[in-house]
Number of protein chains: 2
Amino acid sequence: MTFSEENYLKTIYHLTSVSDADISTNAIAEKMETKASSVTDMLKKLSEKDLVNYIKYQGVSLTDKGKLAAKMIVRKHRLWECFLVEKLDFSWDEVHDIAEQLEHIKSEKLINKLDDFLGNPTEDPHGDPIPDAQGRIIKVEKQLLSEFEKNQIGICVGVKDTSSDFLKYLDKQEIALGSQIEIIEKESFDSSFRIRVGTKEITISNKIASNLYIK
Amino acid sequence: MTFSEENYLKTIYHLTSVSDADISTNAIAEKMETKASSVTDMLKKLSEKDLVNYIKYQGVSLTDKGKLAAKMIVRKHRLWECFLVEKLDFSWDEVHDIAEQLEHIKSEKLINKLDDFLGNPTEDPHGDPIPDAQGRIIKVEKQLLSEFEKNQIGICVGVKDTSSDFLKYLDKQEIALGSQIEIIEKESFDSSFRIRVGTKEITISNKIASNLYIK
DNA sequence: AATTAAATTTAGACAAAGCTAAAAATTATA
DNA sequence: TATAATTTTTAGCTTTGTCTAAATTTAATT
């Protein structure tokens with residue numbers, strides 16, 4: 001499997017986890033910052049290899065084989081992210097691009113040994129679940145902070161947006177995985193939130209609240 | 001720089017370290033298991049980028065820029081090999097192919113952090129030197145066991161051949177880096193050696209002795 | 001020195017993965 | 001429902017890195 005094929009599978013996998021329905025050519029093109037015509041070419045190729053179910057003009061979905069392959073790439077990506085943060089002391093906003101490269105290294109033995117070396121983590125540094133060697137995922141039920149009501153208290157367990165900008169903002173506000181967050185006030189005018197993080201009180205926009213997972 | 005370009009640079013670097021003279025197209029082709037015509041194409045490209053000095057029909061050598069680039073690839077390869085052996089518990093005969101992939105990961109920060117994580121090793125699991133971040137190499141003077149004479153004693157500090165077969169043979173004979181080796185007898189007929197490794201006495205062929213570095 | 005052999009390069013072709021522009025199918029709208 | 005707008009696909013071109021076969025240059029040998 002080529003790097004490019006792997007990237008397409010991963011993208012389709014991620015898009016599927018949001019929408020459930022078949023994925024459109026344009027959606028893939030947009031996510032991958034490529035052209036629709038390139039996507040069409042690749043879908044034919046992946047279909048040929050039984051990695052996706054593809055019908056012209058109708059969109060695409062992963063076959064079982066494709067889904068497992070995608071999960072293995074996600075597994076690698078997230079395990080490498082753990083390695084970078086926990087062992088090499090990278091911060092959580094720096095690891096994505098490097099993991100994007102490392103996820104394509106081909107060696108099952110390597111990834112399973114890495115898994116053991118890291119103590120078989122179930123989540124990556126952004127709170128996303130890590131599939132095991134069989135592709136099984138432990139789902140943690142979690143809500144967006146934006147769906148919380150006044151006086152509710154929860155623990156930050158993940159981020160939806162993993163962009164460097166967002167993660168650096170969180171660092172600045174001292175919001176990390178494991179932080180306790182309490183809703184003090186919900187401003188009805190702009191849907192912003194007054195929250196307590198640890199001992200500090202801060203105001204965050206609705207956009208921020210819509211990208212924080214709480215349990 | 002593409003994977004392919006990096007592989008050519010690395011190959012030229014390795015060939016240079018043996019012969020010193022300009023490298024021939026065929027030598028590169030043979031080492032890389034590709035065709036001479038493909039090599040010619042790539043040499044033009046590398047020359048265009050000032051990574052090699054290339055004159056038609058005359059052979060090729062690395063420029064300073066090319067040599068530094070090659071050293072950085074070798075640095076990455078050998079640091080990753082250390083990681084695999086020391087942290088993930090791979091054996092020394094398993095790491096080459098995986099490091100061959102990992103050496104192409106692009107991130108200076110990553111490789112320098114990995115270097116620190118490993119305690120800034122100066123040699124890889126086969127006894128080969130690891131260039132530092134500036135490309136400097138600590139040269140250790142070492143001899144082939146085959147050049148030793150009767151009654152000489154030394155420590156095994158490296159292997160010339162790093163093929164899995166050879167390394168497994170050494171494991172079987174309990175010869176490892178750091179093993180003390182004493183020449184008991186040199187058989188003039190076939191140039192084989194009777195040696196003492198630790199407490200055991202064994203006989204090894206000249207081919208084996210020609211691939212073991214001793215200090 | 002002439003000829004043969006070997007090494008090297010050139011020319012032209014191919015597969016992968018991308019692109020643009022045009023055609024076709026689907027969806028939305030008047 | 002007919003037309004317009006959007007989406008998707010097709011056709012053809014480009015680049016990278018490879019190949020084969022032919023041409024050229026260098027080296028070896030008579």
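Residue numbers begin at 1 in each chain, while the letters A, B, ... track the order of the sequences.
- Taking atom OH of residue Y54(B) and atom C1' of nucleotide dT25(D), one finds them 12 Å apart after rounding to whole Å.
- In this structure, F3(B) has its ring center under 6.0 Å from that of F3(A).
- Among H96(B), K76(B), H126(B), the single residue meeting the side-chain hydrogen bond (donor to acceptor under 3.5 Å, both in side chains) criterion with E81(B) is H126(B).
- At a threshold of 4.0 angstrom between heavy atoms, the contacts of S4(B) are confined to the sugar-phosphate backbone, with no base atom among them.
- Taking 4.0 angstrom as the limit, Y8(B) places a side-chain polar atom (N or O) nearer than this to OP1 or OP2 of dT18(D).
- At whole-Å resolution of the value, CE in M42(B) and C1' in dT9(C) are 16 Å apart.
- Remark: of the listed residues N211(B), I175(B), I214(B), I208(B), I214(B) is the sole one forming a side chain to side chain contact (heavy atoms under 4.5 Å, CB included) with L145(B).
- Atom CG of L43(B) and atom P of dT8(C) are 10 Å apart (whole Å).
- If you take CD of E5(A) and C1' of dA15(C), they are 12 Å apart, rounded to a whole angstrom.
- Side-chain N/O atoms of Y57(A) include none lying less than 4.0 angstrom from OP1 or OP2 on dA23(C).
- Listed nucleotides dT8(C), dT16(D), dT26(D) differ in distance to Q58(B); the shortest reach to its side chain belongs to dT26(D).
- dT26(C) atom P lies 15 Å from atom CG of D22(A), rounded to whole Å.
- In this structure, of dC19(C), dT10(C), dT26(D), it is dC19(C) that holds the atom nearest to the side chain of T34(A).
- Checking F3(A) against K56(A), the closest nucleotide of DNA chain C that is more toward the 5' end is the one next to F3(A).
- Residue K44(A) places its side chain closer to dT10(D) than to any other of dG18(C), dC19(D), dT10(D).
- Applying the 4.0 Å criterion to OP1 and OP2 of dT20(C), one finds that S37(A) has every side-chain N and O outside that range.
- Side chain of R75(A) to backbone of P131(A): a donor-acceptor contact under 3.5 angstrom is found.
- Two residues, A36(A) and T40(B), neighbour DNA chain C, and the one matched to the more 5' nucleotide by heavy-atom proximity is T40(B).
- In this entry the distance linking CG of N7(A) with P of dA16(C) reads 17 Å, nearest Å.
- For S17(A) (side chain) and H14(A) (main-chain N/O), a donor-acceptor pair under 3.5 Å exists by modelled atom type.
- Salt bridge present: K10(B) and E103(B) bring a charged side-chain N and a carboxylate O closer than 4.0 Å.
- Distances shown here put every side-chain N or O of K35(B) at or beyond 4.0 Å from the OP1 or OP2 atom of dT9(C).
- E33(A) has its CD atom 15 Å from the C1' atom of dG18(C), to the nearest Å.
- For D41(B), counting side-chain heavy atoms from C-beta on, the closest listed nucleotide (dG18(C), dT18(D), dT9(D)) is dT18(D).
- Within the 4.0 Å cut-off from OP1 or OP2 of dC19(C), at least one side-chain nitrogen or oxygen of S38(A) is found.
- Regarding contacts with the backbone of dA16(C), every side-chain N or O of T2(A) stays at 4.0 angstrom or more from both OP1 and OP2.
- In this structure, N26(A) does not reach the dT6(D) phosphate: none of its side-chain N or O atoms is under 4.0 Å from OP1 or OP2.
- Contact annotation: side chain of S24(A) to base of dT8(D), donor-acceptor pair absent below 3.5 Å.
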